[in-house]
There are 2 protein chains.
Amino acid sequence: MTGISKKKATIYDLSVLSGASASTVSAVLNGSWRKRRIKETTAELIQKLANEHGYTANLQARGLRSSRSGLVGLLLPVHDNRYFSSMAQSFEAQARNRGQCPLVVSACRDPEEERQVVETLISYSIDELFIAGATDPDGVHAVCEKAGLKHVNIDLPGTLAPSIISDNYEGARMLTQAIIERAQEDGPLSPDDVYLFGGRNDHASHERIRGFRDVKRALLGADPDICIQPTGYSPAMTARAFEVFYEGHGKLPRAFFVNSSINLEGLMRFLALHPHETFADIIVGCYDYDPFGSFLPFPVFMIRQDGEAMITKGFAILDTNRPPVLTHLVQPSLVPPRTALTGPLDALKDIE
Amino acid sequence: MTGISKKKATIYDLSVLSGASASTVSAVLNGSWRKRRIKETTAELIQKLANEHGYTANLQARGLRSSRSGLVGLLLPVHDNRYFSSMAQSFEAQARNRGQCPLVVSACRDPEEERQVVETLISYSIDELFIAGATDPDGVHAVCEKAGLKHVNIDLPGTLAPSIISDNYEGARMLTQAIIERAQEDGPLSPDDVYLFGGRNDHASHERIRGFRDVKRALLGADPDICIQPTGYSPAMTARAFEVFYEGHGKLPRAFFVNSSINLEGLMRFLALHPHETFADIIVGCYDYDPFGSFLPFPVFMIRQDGEAMITKGFAILDTNRPPVLTHLVQPSLVPPRTALTGPLDALKDIE
DNA sequence: CTTTTTTGCACAATCGATGGTGCAATGACT
DNA sequence: AGTCATTGCACCATCGATTGTGCAAAAAAG
């Protein structure tokens, strides 16, 4: 016996202690006691006992009985990235504000894993699900639909459920324009001075590439296909793409658009292998904001996606009855180089 | 009727369909059927039906009955930070490898919130808990203890449960030595050229400060108290500290130690308000690794804490019977400037 | 053809909470 | 005093799975 106290108290324990029935105890502790016309003094007694014994409801039992669990899920591709981790942070805060219990899980951008993870969440009777950056939103939708689970897509749209995404086209236009104009300050620019790296076969990448090409054609008159290098979402692949370019040209493009901060990590890997003076004059645009990325030793324009607004909108949609299957655009913003934005962390109290 | 199919199948549904009893169905589907001597053909039939109907167990019901849920929790101070988010990533991977379901939650460094969140997790009958960077590990311990929940502390130690932490003292020594030596390349250094910013009244900060002071005294002969600026864990407070120093001295210290990447964000906020040429010659040490932080336009030495190893060790400890209340040290490593390390993201498959 | 053993499965209690229903005690009213 | 409404609560089935126990039928042993 190392002081491991007995099991947690249940309504039955409190029932015995108080002399009331278990259903009375339950009613008192879940707040429905006025409706059930329980005497105030009885309620007080039970509440006192509950406090003394540190009673907390077994939420699995409650969830089983009521088939509502109070859980909301957020499915992420990965945690380890400022865009998604700050989204997780906002999500937690908002879910807790609404009295729900947030669950954040990641599925590694693997469609099969995505479905499995969601199945697991469903097995815990979660009430609502945010599907962020899913590789296969419609596959996940099918799983949710079968279980009658309300859900929305965030960041990457599906065709079967309401979606909330960044205005990737507009964001890409802003970003492309910013890097081109900045590069032109240093002299005239030809179409093959401006590249795009990263992204793959998803809606966000398509829209960004479309925005990039449209602006580039408008400002520089052309956009050779070679300037688009969709390397997927992996630092290693992106680094290779830079390496290949460098081997071919002895330098990096004057200006380039990087599809996400994950791809920007690929640039870091490339830079680590080369003296940085060689690249002091590049102009970079990154479709994602990272506070340290913004202060690299060359101008980095970034796009800050408004994860917090997306989450807010998502909750609003889940609150409506039969949300139409629409795609809602949330405006991102252009962040000039050397900018330190505040984030969800700033909402924390830090008692010092 | 919008195609919302009926509720999920249960063992009772399959029981009717197969003609077997619910307990037989249960045994077949949870794998205990050989032990229960169920005929192979019966098992096959039931499994076929289960597949056809997309049966998945209701894990709340299972958890309620067996009082084991298959859930493991990771309690973080915040998501939005590379150290913790990469820890979350490793944690998820390892938990899933073990067939458990990972839950990652954050408690905003608020002791009360920490306890509440853990209470909630306990209400879902989680089996094990990793408490990372808790402000009040022993308070959380009490809650776990009462519920008989196995747990370990990560990153910040408690006195009542096994803890796994970085060797902060050694890490701080390496980092301090690195920045001092590097700064000395540019000329002789006096004790008040080397500062420490960030951290507060926790074990990790104490150890880091101790390491810093020991090395500084050894190399520079003294360490005036003014050189230690424990600003808490908040970018805003840290930025203020830099601002105050700058107002007093017209520059930043030649070299300084920043207690965490969160504090380093405070430096970014400061830099955003000042032309960067002014600070091109500072030498920074940051106790945390961030891939972009490593490429800032001045030398940044970083300490990479081995989150993955800590998680691994944590699982190992939870697997042992009565783990002694020890504090295990995990060695961090010194990362020279302009280094791009690979992380848990690289384990992902990225089909392009 | 018995007796024993083994095989294959059904039954029923249980986990902790919820909520519909019903009933005794009390008070109000005629 | 008798009727009726109200108050205050207990009873019990239920959510979906797990698991100890028991028992019939089939197979093996004698």
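The chains referred to below are lettered A, B, ... by the order of the sequence lines, with proteins before strands, and numbering in each begins at 1.
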Show me the side-chain donor-acceptor pairs of residues 10-20 of chain A shorter than 3.5 Å, one per line, residues at least two apart or across chains.
| residue | atom | partner | partner atom | Å |
| --- | --- | --- | --- | --- |
| A:Thr10 | OG1 | A:Tyr12 | N | 3.1 |
| A:Thr10 | OG1 | A:Asp13 | N | 3.3 |
| A:Asp13 | OD2 | A:Thr10 | N | 2.9 |
| A:Ser15 | OG | A:Ala20 | O | 2.8 |
| A:Ser18 | OG | A:Leu14 | O | 2.8 |
| A:Ser18 | OG | A:Ser15 | O | 3.4 |
| A:Ser18 | OG | A:Ala20 | N | 3.1 |

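- Each end of the helix from C:dC1-D:dG30 to C:dT30-D:dA1 yields a helix axis from five base pairs, and these two axes differ in direction by 50° (to the nearest 10 degrees).
- Looking at residues two or more places apart in sequence or on another chain, you find a side chain to side chain donor-acceptor pair (under 3.5 Å) between A:Asn81 and A:Ser261.
- Only A:Ser23, A:Ser26, A:Asn30, listed by number, bring a heavy atom of residues 15-34 of chain A to less than 4.0 angstrom from any atom of DNA chain C.
- Not a single donor-acceptor pair under 3.5 Å links the side chain of B:Asp127 to the backbone N or O of B:Val72.
- The nearest pair of heavy atoms linking B:Ser85 to B:His79 is CB-O, 3.6 Å.
- Residues B:Trp33 and B:Ile46 form no side-chain contact, since every pair of their non-hydrogen atoms from C-beta on lies 4.5 Å or further apart.
- Between the B:Glu113 side chain and the B:Cys108 main chain, no donor and acceptor come within less than 3.5 Å of each other.
- Side chains of A:Cys144 and A:Val118 form a contact here, defined as non-hydrogen atoms less than 4.5 Å apart.
- Residues that satisfy the side-chain contact (heavy atoms from CB on, under 4.5 Å) test with A:Leu64, not counting sequence neighbours, are B:Asn58, B:Ala61, B:Leu64.
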Side-chain donor-acceptor distances from residues 21-32 of chain B under 3.5 Å, at least two apart:
| residue | atom | partner | partner atom | Å |
| --- | --- | --- | --- | --- |
| B:Ser21 | OG | B:Ser23 | N | 3.4 |
| B:Ser21 | OG | B:Ser23 | OG | 3.0 |
| B:Ser21 | OG | B:Thr24 | N | 3.3 |
| B:Ser21 | OG | B:Thr24 | OG1 | 3.1 |
| B:Asn30 | OD1 | B:Ser32 | N | 2.9 |
| B:Asn30 | OD1 | B:Ser32 | OG | 2.8 |
| B:Asn30 | ND2 | B:Ser26 | O | 3.3 |

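- The span of DNA chain D lying next to chain B, judged by atoms under 4.0 Å from heavy atoms, is bounded 5' to 3' by D:dG16 to D:dT21.
- For the segment residues 36-48 of chain A, the set of residues with a heavy atom within less than 4.0 Å of an atom of DNA chain C comprises A:Arg36, in numerical order.
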Considering only nitrogen or oxygen atoms on both sides, find all protein atoms under 3.5 Å from nucleotides 13-16 of chain C and state each distance.
| residue | atom | partner | partner atom | Å |
| --- | --- | --- | --- | --- |
| C:dT14 | O2 | B:Arg65 | NE | 3.3 |
| C:dT14 | O2 | B:Arg65 | NH1 | 2.8 |
| C:dC15 | O2 | B:Arg65 | N | 3.3 |
| C:dG16 | N2 | A:Ala61 | O | 3.2 |

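- Here ring pair (Phe, Tyr, Trp, His ring centres under 6.0 Å) pairs that include residues 98-143 of chain B, with residues two or more places apart or in two chains, are B:Phe91-B:Phe130, B:Phe130-B:Phe315, B:His141-B:His151.
- For B:Asp136, the side-chain contact (heavy atoms from CB on, under 4.5 Å) partners at least two apart in sequence or on another chain are B:Pro111, B:Glu114, B:Arg115, B:Asp138.
- Every residue two or more places apart in sequence or in another chain that forms a side-chain contact (heavy atoms from CB on, under 4.5 Å) with A:Glu52 is listed here: A:Lys48, A:Leu49.
- Environment of CD in A:Glu308: sparse, with no more than 12 heavy atoms of neighbouring residues, nucleotides or ligands closer than 6.0 Å.
- Side-chain contact between B:Thr56 and A:Ile122 is absent, with no heavy atoms from C-beta onward closer than 4.5 Å.
- In this structure, the side chains of A:Arg34 and A:Glu40 come closer than 4.5 Å at one or more pairs of heavy atoms.
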